[in-house]
Amino acid sequence: MPFSSLQLNLAAVLKCGQSFRWSILPLPATEAGPTHEYRLCLRDRVVCLRQATDTLFYRAAFPDPQPPQSQLAQRDAETLAWLRDYFQLDIDLVWLYDQWSERDKVLARFRDRFTGIRVLRQDPWENVVSFICSSNNNISRITKMVQGLCNHYSPPLLSLPDPSNPSLFLPYHPFPPPSTLAQPDVSTTLRTLGFGYRAAFIQKTAKYLVDIHGSNTLIDDPSEASERWLRGLRSTSTADAREELLKLTGVGRKVADCILLMSLNKKEVVPVDTHVHQIAVKYYGMKGSSSGKTNMTPKLYEELNAKLVSIWGDYAGWAHCVMFAADLKSFADFNATPSSSPQKKSTTPKRKREDRLKDEVDCLPTPPITPGPTTLSRAAIEAASAILKGEPCDLSPETVQLSVAERVKRRRNVK
DNA sequence: TCATCACCGATA
DNA sequence: ATCGGTGATG
């Protein structure tokens, strides 16, 4: 379907720490077109996506090889409906970027470099488990843990060929339901899978949900009662939904807020972690102890949250996601394929830190001006005239190449 | 209400 | 020692 990458940047969105279950498969090199395929296993199908600048390619694979013709259209409609819901495609992200840029100079500087960063609307149950895993943890390990959990606790729905090696078939496992993870032995099993102290949290949370909200399924809906209950929090107030989430073991304020934002429709919620804290201190004049570390007290959490909401407004959670993805420029970090390719990892950790530091410099409130002769791009000229008129303008690295000398010169010419 | 600590595993 | 936290203590 026709869809601008300005509205959705798949590569970035699927790796920025929202969802941890997408397979990212490199495609055989071609002249042009998509370089990767992204796959996610749902309960009844595997969704496969590719992206070009103006097109989003989608298809779904099913277990049964030859469905009746009549099913095909129906299934396609379902997949498309799922895409719209999951990626919230009806929300105009470009318009949001515009709104934020008017209110916030900092965000304005990121807009052209980090386009298409949007909040997903995920399955709440999967979201709960994934983010219990996220405490004191990093994206690449969380990804491995979640994938390991699915592989261990749910049978493969189907297998699909690896695009870069079509004779190799990769199995796809759905996310297991609460009743499966509620079993008493899950705690120790997950521990052997490398979940550490989070293993017990997950089992306890699953058991709690099943005990309190049930595990029965409906005729036409494979999801369990507690999953439906969680989904029902979408139509509950933010405060009430948060209160419910905080009852789950392993879910504190930060994790609860992640779930509220990323699967329960609470677009104004800004999860505050130490990273966001640093962003707030650096760009938005929040106090941070000069000695380095600050304790994240509930009080401070509220202050930060309030501050960021006051800056970003109604869709603050979405704006936070852009800032987070921008700052987390470790998109080069964890490479494609989930299970296989352990070697690749060793090349990256060194670069990561450097990239980050470099990025931080780029984003300082007063960007460094590169001295020396400069060819003025059209963007730079536009920016220059905007500066002279006192208007907000694009200060992307390209634009910033405009030297100080040039700015002064142009200023004189106009006056 | 606030501060500290253990917890698990990876990395610098 | 630090990290994209939480729960249990004082």
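Scope of the values below: all heavy atoms of this structure, side chains included, with no hydrogens, waters or symmetry mates. Below, chains carry the letters A, B, ... as their sequence lines are ordered, and counting in each starts from 1. These figures come from a predicted structure and were not determined experimentally.
We find that CZ of A:Arg141 is positioned 13 Å from C1' of C:dG5, with the value rounded to whole Å. Whole-Å rounding puts the A:Gln18 CD to C:dG4 C1' distance at 14 Å. Remark: C1' of B:dC7 and CE of A:Met145 are 13 Å apart, rounded to the nearest angstrom. Atom CG of A:Asn137 is separated from atom C1' of C:dT2 by 13 Å (rounded to the nearest Å). In this structure, the CZ atom of A:Arg253 is 13 Å from the P atom of B:dT1, given to the nearest Å. One can place CG of A:Asp257 at 18 Å from P of C:dG4, the figure rounded to the nearest angstrom. Summarising the geometry, the separation between NE2 on A:His320 and P on C:dG4 is reported as 13 Å, rounded to the nearest angstrom. Across the protein-nucleic acid pair, A:Ile142 atom CD1 and B:dA10 atom P stand 13 Å apart, rounded to whole Å.
Ring geometry for A:Phe201 versus A:Tyr197: interplanar angle over 60°, hence perpendicular rather than tilted (30 to 60°). Aromatic ring orientation, A:Tyr315 versus A:Trp318: perpendicular (interplanar angle above 60°, classes split at 30° and 60°). Ring-plane geometry between A:Phe87 and A:Trp22 is classed as tilted, the angle between the planes lying from 30 to 60 degrees on a 0 to 90 degree scale.
The pair A:Glu227-A:Arg231 fails the salt-bridge criterion, with no side-chain N (NZ, NE, NH1 or NH2) lying under 4.0 Å from an Asp/Glu carboxylate O. Under the 4.0 Å criterion applied to side-chain N and carboxylate O atoms, A:Asp257 and A:Lys266 are not assigned as salt-bridge partners. With respect to the salt-bridge test (charged N to carboxylate O, under 4.0 angstrom), the residues A:Lys247 and A:Glu244 qualify.
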Can you pull every protein N or O that's under 3.5 Å from an N or O on nucleotides 7-10 of chain C?
from: C:dG7; atom 1: OP1; to: A:Gly250; atom 2: N; distance (Å): 2.6

For nucleotides 2-4 of chain B, print each protein N/O atom paired with a nucleotide N/O atom at under 3.5 Å, atom names and distance only.
none

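Taking a 6.0 Å sphere around CZ of A:Arg43, one finds it holds more than 12 heavy atoms contributed by other residues, nucleotides or ligands. By the neighbour-count criterion of 12 heavy atoms within 6.0 Å, atom CD of A:Gln74 is sparsely surrounded, having that number or fewer from other residues, nucleotides or ligands.
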* Can you list the steps and then say if A:Leu170 with A:Leu160 is a side chain to side chain contact (heavy atoms under 4.5 Å, CB included)? -> CA-CA 5 Å; A:Leu170 307 169; A:Leu160 294 175; 5.8 Å; no
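For A:Arg75 and A:Phe62, the positive end sits near the middle of the six-membered ring, less than 6.0 Å away and at most 45° from its axis.
B:dT1 and C:dG5: their P atoms are spaced 23 Å apart (whole Å). Rounded to the nearest Å, the gap between the P atom of B:dT11 and that of C:dT6 is 23 Å. For the C1' atom pair drawn from C:dG4 and B:dC2, the interatomic distance equals 23 Å after rounding to whole Å.
Stem regions annotated for DNA chain B: B:2-7 with C:5-10, B:9-11 with C:1-3, counting only runs of 3 or more consecutive pairs of Watson-Crick or G-U type with both contacts under 3.5 Å.
Looking at the side chain of A:Asn136, the nearest of the listed nucleotides B:dC8, C:dG4, C:dG5 is C:dG5. Distances were taken from every side-chain heavy atom of A:Phe131 (C-beta onward) to each of C:dT6, C:dG4, B:dC8; the shortest belongs to C:dG4.
Side-chain contact check for A:Asn127 versus A:Leu264: every heavy-atom pair is 4.5 Å or farther apart. Proximity of A:Glu224 to A:Trp125: side-chain heavy atoms (C-beta onward) are nowhere separated by under 4.5 Å.
For B:dC8, one of the phosphate oxygens OP1 or OP2 lies less than 4.0 angstrom from a side-chain nitrogen or oxygen of A:Arg191.
Contact of A:Tyr197 with B:dG9 (side chain to base): no donor-acceptor pair of N or O atoms is detected under 3.5 Å.
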